[in-house]
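This is the structure I want to talk about, given as structure tokens.
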Amino acid sequence: MTDFYKDIFVGLLFVIGLFGFISGAFIVSAVVFAISALLSNMHLTSRVQS
């Protein structure tokens with residue numbers, strides 16, 4: 001996956017989590033936010049190391 005597609009994927013996860021939070025699906029939105037944060041952090045870590 002290129003950096004552009006990873007950024008789009010993380011952004012989509014964030015938006016999905018936001019809509020889940022607004023709709024009241026707090027457990028689902030918390031999981032989606034956590035996945036988005038992990039992927040974003042892994043992405044930044046790989047950039048720093050290379």
Side-chain angles (χ1 to χ4, degrees):
M1 221 183 236
T2 63
D3 289 338
F4 180 70
Y5 290 125
K6 284 182 185 177
D7 290 341
I8 289 176
F9 185 64
V10 169
L12 283 174
L13 284 176
F14 183 77
V15 170
I16 290 169
L18 190 64
F19 283 130
F21 184 77
I22 290 171
S23 70
F26 298 114
I27 294 173
V28 173
S29 67
V31 169
V32 172
F33 278 134
I35 292 171
S36 137
L38 285 173
L39 288 176
S40 178
N41 193 16
M42 288 172 27
H43 179 63
L44 289 174
T45 304
S46 67
R47 265 194 205 169
V48 171
Q49 290 177 353
S50 50

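All residue numbers refer to positions in the sequence shown, counting from 1. Excluded from the calculations below are hydrogen atoms, water molecules and symmetry mates; all remaining heavy atoms, backbone and side chain alike, are included.
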Test of understanding: with side chain to side chain contact (heavy atoms under 4.5 Å, CB included), list the residues that count as partners of Ile35, not counting sequence neighbours.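 Checked Ile35 against side chain to side chain contact (heavy atoms under 4.5 Å, CB included); matches are Leu13, Val31, Leu39.
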Neighbour count above 12 (heavy atom, 6.0 Å) for Phe33 CZ: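 Result for CZ/Phe33: enclosed.
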Inspect the surroundings of CD1 in Ile22 and state if more than 12 heavy atoms from other residues, nucleotides or ligands are less than 6.0 Å away.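 Yes.
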Going by ring-ring contact (aromatic ring centres under 6.0 Å, His included), name the residues that satisfy it together with Phe4, two or more places apart in sequence or in a different chain.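 ring-ring contact (aromatic ring centres under 6.0 Å, His included) list for Phe4, sorted by chain: empty.
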